[in-house]
> 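Quick one: the structure is below, questions incoming.
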Amino acid sequence: MDPDQLHSKLLAAARKLPPDARVPDAFPGRVMASLVGRRLQDDAWSLWDRSLWKAAAAATALCLVLNFWPISSWNDPGPLTLETTLVSLAEQLSDSW
Amino acid sequence: MDPADSDLIAAVLQGDTASFEPLICKYSPKLFATARRYARRESEVEDIVQEVWAKAFQKLSSFRGDAPFEHWLMRMAVRTCYDFLRGHRRNRESTFSDLSDAESDWLDRFVADPEHADEQADAARSLIHRLLAQLSPPARLVITLLEIEERSVKEISEMTGWSAALVKVRAFRARAQMRKRLAQIHREKYL
């Protein structure tokens with residue numbers, strides 16, 4: 001028996017009869033029922049777009065907070081802390097030198 | 001692209017899910033034919049096709065429309081069938097000693113007169129199914145697409161996502177696996 005010839009014969013047999021394309025009864029209805037509740041997935045660009053906008057909004061908010069927050073504390077020297085006391089003492093000492 | 005398909009796809013993307021059903025009715029026969037090349041049980045075939053449609057629905061927004069919808073869908077189908085083969089690897093080392101009488105008779109007739117062996121015989125087709133079931137998933141996929149469906153390397157590369165070089169390497173290895181299995185038939189049956 002020639003395996004290559006058998007190989008060709010068997011593949012020719014497979015080619016000659018295409019597989020059954022029959023669709024089971026009510027199959028489209030079953031698929032549609034399974035799709036209820038599923039969301040269409042955003043494509044990659046839309047996802048990136050949304051994420052970048054969110055990141056930009058968060059970064060802007062942070063910048064605003066960091067920029068304007070010290071303004072509110074200009075008129076208020078803030079509570080006395082060990083650090084501020086030591087720093088003011090150090091400044092007085094350096095002035096006296 | 002078929003104007004009817006593009007209208008239906010646009011409607012689904014606008015939120016009209018019901019417009020997806022005509023696409024299912026139109027392309028399911030081709031999907032079932034494809035799935036039946038890789039799965040024998042009807043329940044598995046139906047699961048594969050249902051999964052293809054679920055993926056197609058969820059990823060519909062990624063369909064660009066620069067190629068026919070059918071091509072995009074068939075790529076998804078081939079990859080789903082490949083995932084099925086990888087997930088359902090059975091013991092591939094089964095022997096050919098459990099051939100049916102019809103298969104055994106067909107082989108005997110082939111050995112006696114190879115030129116006139118009937119390619120239309122069901123036994124021949126069931127033998128090729130048995131042989132393909134014994135191949136590794138990539139080998140089975142590439143033999144089915146290249147040798148049975150007679151697709152080009154370029155088409156197979158686009159459908160599977162493999163490079164053309166990888167398709168050729170896998171085809172070479174697949175043919176070697178087939179020859180090894182056929183030699184095994186010869187040894188088990190005739191020696």
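Chain A is the first sequence line, chain B the second, and so forth, proteins listed ahead of strands; every chain is numbered from 1.
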> Among E42(B), E150(B), K30(B), H129(B), who wins on heavy-atom pairs under 4.5 Å with chain A?
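It is E150(B).
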> Going by the rule salt bridge (Lys or Arg N to Asp or Glu O under 4.0 Å), which residues pair with E149(B) if we only count those two or more places apart in sequence or in a different chain?
R37(B), R151(B)
> Membership question, hydrophobic clusters at under 4.5 Å side-chain separation (ILVMFWY): are F172(B) and L182(B) in the same one?
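No, L182(B) does not connect to F172(B) through the hydrophobic network.
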> Decide yes or no on side-chain contact (heavy atoms from CB on, under 4.5 Å) for K9(A) and W106(B), but give the supporting numbers first.
CA-CA 11 Å; K9(A) 278 279 179 185; W106(B) 188 90; 4.2 Å; yes
> For the atom pair CG (D4(A)) and CZ (R175(B)), what is the distance rounded to the nearest 0.5 Å?
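Separation between the atoms: 11.0 Å.
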> Above 12 or not: heavy atoms from other molecules or residues under 6.0 Å from CZ of R173(B)?
no
> Distance check, rounded to the nearest 0.5 Å: L11(A) atom CG versus L132(B) atom CG?
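Here the rounded value is 7.5 Å.
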> For L31(B), which atoms come within 4.5 Å of any heavy atom of chain A: side chain, backbone, both, or neither?
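Neither part, no heavy atoms under 4.5 Å.
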> Below 4.5 Å from any heavy atom of chain A, which atoms of A18(B) appear? Answer side chain, backbone, both or neither.
backbone
> What are the two closest heavy atoms between I148(B) and A14(A), and how far apart are they?
CD1-CB, 3.8 Å
> Please enumerate all residues that pass salt bridge (Lys or Arg N to Asp or Glu O under 4.0 Å) together with R86(B), with sequence neighbours excluded.
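R86(B) satisfies salt bridge (Lys or Arg N to Asp or Glu O under 4.0 Å) with D83(B) only.
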> Do F32(B) and D20(A) have side-chain heavy atoms sitting under 4.5 Å apart?
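F32(B) does not reach D20(A) side chain to side chain.
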> Minimum heavy-atom separation for P19(A) to R36(B), with atom names?
CB-CB, 4.2 Å
> Look up atom CG in L10(A) and atom CZ in R130(B), then write down how far apart they are to the nearest 0.5 Å.
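That separation rounds to 12.0 Å.
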> Going hydrophobic residue to hydrophobic residue with side-chain gaps under 4.5 angstrom, can you get from V169(B) over to V167(B)?
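They do not share one cluster, since no chain of ILVMFWY contacts under 4.5 Å joins V169(B) to V167(B).
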> Got a second to check how far H7(A)'s NE2 is from I143(B)'s CD1, nearest 0.5 Å?
5.0 Å
> Quick one: are M32(A) and T17(B) in side-chain contact, heavy atoms under 4.5 Å?
yes
> Tell me, side chain or backbone of V45(B) under 4.5 Å from chain A's heavy atoms, or both, or neither?
neither
> Do the non-hydrogen side-chain atoms of R22(A) and P29(B) ever get within less than 4.5 Å of each other?
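No, every pair of side-chain atoms sits at 4.5 Å or beyond.
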> Could you check whether any side-chain N or O of R15(A) sits under 3.5 Å from a backbone N or O of E147(B), counting only pairs where one atom can act as donor and the other as acceptor?
yes
> Please report the interatomic distance CG(L6(A)) to CZ(R179(B)), rounded to the nearest 0.5 Å.
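Nearest 0.5 Å value for the CG-CZ distance: 13.0 Å.
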> So do F27(A) and V49(B) actually touch side chain to side chain, heavy atoms under 4.5 Å?
yes
